[in-house]
Amino acid sequence: MIPAAFDYYRPKDLPGVVALLQEHGDDARVMAGGHSLIPMMKLRMADVPHLIDMQDVDGMNGIYVGDTGVRIGAMTTQAELIDSAELADAAPILREAALQIADPQVRYMGTVGGNVANGDPGNDMPGLMQCFDATFTLFGPDGERTVPAREFYEAAYMTAREDDEVLTAVSFPTPAGGYAYEKQKRKIGDYATAAAAVQIVKDGGSCASASIAMTNLSDTPVFSEAAGAALVGTSVDGDAIRAAVAAMLNDIDPVDDNRGPVAFKNHVAGVILTRAIERAWSRA
Amino acid sequence: MSKKMHITLTVNGKEEEFLAEPRELLIYTLRERLNITGPHIGCETSHCGACTVTINGKSVKSCTMFVAQADGADVTTIEGIGGPDELHPLQEAFKEHHGLQCGYCTPGMITRATKLLEENPNPTEEEIRFGMAGNLCRCTGYQNIVKSIQAAAATMNAAKEAAE
């Protein structure tokens with residue numbers, strides 16, 4: 001498999017990247033680990049006349065855990081995410097999810113930034129970021145701006161990022177309470193048939209707050225505010241979980257594909273969310 | 001055709017310099033340009049792991065890396081791990097424990113396993129299966145691959161203890 005020819009650039013800083021993006025418009029693409037983009041280029045489903053490799057750009061790596069929040073540089077790999085003891089303490093759901101992404105070789109290369117910026121509905125990090133109510137930092141010709149994760153995704157591969165902007169970091173408040181990332185896939189390395197990210201805060205015997213987001217069940221990740229609301233104030237018993245699942249099913253919009261028909265996906269989404277809520281509650 | 005790039009790579013300790021189109025995939029550079037044919041082309045779609053090499057200390061599927069990305073990198077293939085005259089403990093263990101049948105996946109398996117044991121010298125069976133999940137074998141059913149890696153880990157740990 002030989003991809004179409006391209007010009008290759010390895011700029012050293014963000015202004016250099018943006019200058020290339022401005023010069024070449026949507027003929028240029030930035031590449032982090034390349035494990036989404038290169039397969040698409042090999043299949044000639046992505047046409048990239050100008051490829052901008054981000055590996056030498058300074059300041060895009062690293063995990064910063066502060067008193068109230070976490071910031072992860074876009075070039076941080078899934079393997080680095082998994083290995084971070086600080087992050088495992090501050091936001092353990094990220095490690096649980098990252099371990100379910102692809103396989104070891106891919107996790108050494110695949111980055112958090114690539115996973116969230118690509119806009120593939122099958123990627124796991126976008127739903128997680130919506131569960132956290134994260135914000136994405138974008139760098140463009142006019143400097144930095146931030147966009148909430150819950151407003152970033154417009155359609156498959158369509159996001160709020162402009163052609164001349166680069167996603168440089170994700171930031172989120174330190175998540176509280178119990179957590180679970182539950183993912184159903186056909187085999188290791190596959191994208192989700194359905195996946196659920198759940199964070200739940202318990203106060204006494206009842207649920208004080210809950211945040212729920214679903215992956216690969218629509219052309220964007222789905223933050224289901226109604227599903228979370230269905231749990232608040234309850235003891236997260238069977239009735240409450242069934243209400244949350246019903247609310248979630250109202251918010252997703254799966255399509256028939258090689259992972260199954262719509263009825264099956266709705267069924268799996270319900271099973272996966274039920275398991276995720278039960279596990280998150282047991283840890284709350 | 002795009003402009004050729006001047007590429008420098010260190011492969012198994014030897015510096016290589018050549019001109020290549022940036023779109024050349026690293027697996028083709030290794031096999032066809034440098035005649036290093038240990039890493040195999042299996043699926044060529046980032047699934048099977050037959051093309052696994054170690055690049056700057058990471059296990060990488062070399063069918064999913066452009067040679068331009070690897071410019072300046074340090075690459076180790078199965079040829080740099082051990083040879084017929086001096087087998088690596090993993091190669092010895094795969095031979096002893098029937099960790100291969102047809103052998104097609106073996107260079108990628110062993111290259112990946114060197115990194116797995118470097119990161120986790122005492123893996124459980126589950127950790128081996130999870131850590132080797134990026135490498136597919138259609139012959140063995142994996143059972144003997146797991147046994148081989150366990151045996152190699154024991155040999156390597158014993159050698160390390162003896163040296164201390």
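Residue numbers begin at 1 in each chain, while the letters A, B, ... track the order of the sequences.
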key: Residues of residues 55-65 of chain B with any heavy atom under 4.5 Å of a heavy atom in chain A   =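 Answer by number: B/K58, B/S59, B/V60, B/K61, B/C63, B/T64, B/M65.
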Identify the two heavy atoms, one from [X] and one from [Y], that lie closest to each other, and give their separation to 0.1 Å.
X      : Y      : answer
B/Q69  : A/Y8   : CA-OH, 3.5 Å
A/P104 : B/G134 : CD-N, 3.7 Å
B/E44  : A/M1   : OE2-N, 2.9 Å
B/H47  : A/D103 : O-OD2, 4.4 Å

message = Quick check for you: to the nearest 0.5 Å, what is the distance between A/Q105 atom CD and B/M132 atom CE?
response =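 It is 7.5 Å, given to the nearest 0.5 Å.
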Between CZ on residue B/F66 and CE on residue A/M31, distance to nearest 0.5 Å =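 Here the rounded value is 6.5 Å.
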inquiry  = Can you tell me which portion of B/E24 sits under 4.5 Å from chain A's heavy atoms? Options are side chain, backbone, both or neither.
reply    =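 Contact with chain A is absent: no heavy atom of B/E24 under 4.5 Å.
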inquiry  = Which atoms of B/F130 are under 4.5 Å from chain A, going by heavy atoms: the side chain, the backbone, both sets, or neither?
reply    =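 The answer is both parts of B/F130.
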query = Is it the backbone or the side chain of A/A4 that comes under 4.5 Å from a heavy atom of chain B, or both, or neither?
reply =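 Contact with chain B involves the backbone of A/A4 alone.
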task = For A/R10 and B/A68, indicate whether the former's side chain and the latter's backbone hold a donor-acceptor pair under 3.5 Å.
result =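 Between the backbone of B/A68 and the side chain of A/R10 there is a qualifying donor-acceptor contact (under 3.5 Å).
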request  = Give a yes or no answer on whether the side chain of B/E21 reaches the backbone of A/A5 with a donor-acceptor pair at less than 3.5 Å.
outcome  =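 No, because the side chain of B/E21 does not come within donor-acceptor range (under 3.5 Å) of the backbone of A/A5.
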message = Can you confirm whether more than 12 heavy atoms, excluding those of A/I188, are under 6.0 Å from its CD1 atom?
response =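 Yes, CD1 of A/I188 has more than 12 neighbouring heavy atoms, counting only those of other groups under 6.0 Å.
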ask   = If you count heavy-atom pairs under 4.5 Å between each of A/V106, A/L99, A/L43 and chain B, which one has the most?
value =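 Between A/V106, A/L99, A/L43, the count favours A/L99.
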request  = Under the salt bridge (charged side-chain N to carboxylate O under 4.0 Å, His left out) rule, collect the residues that match up with A/K185, sequence neighbours excluded.
outcome  =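 Listed in chain order: nothing, the list is empty.
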message = Please enumerate all residues that pass side chain to side chain donor-acceptor pair (under 3.5 Å) together with B/E17, with sequence neighbours excluded.
response =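 Applying side chain to side chain donor-acceptor pair (under 3.5 Å) to B/E17 gives B/H6.
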request  = Can you sort out the partners of A/K12 under side chain to side chain donor-acceptor pair (under 3.5 Å), two or more places apart, ordered by chain and number?
outcome  =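 Residues passing side chain to side chain donor-acceptor pair (under 3.5 Å) with A/K12: A/D56.
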ask   = Are B/R23 and A/L51 side-chain neighbours, meaning at least one heavy-atom pair lies under 4.5 Å?
value =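 No; the side chains remain at least 4.5 Å from each other.
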task = Could you walk me through whether B/L25 and A/K42 pass side chain to side chain contact (heavy atoms under 4.5 Å, CB included), step by step?
result = CA-CA 10 Å; B/L25 295 165; A/K42 284 164 69 180; 3.8 Å; yes
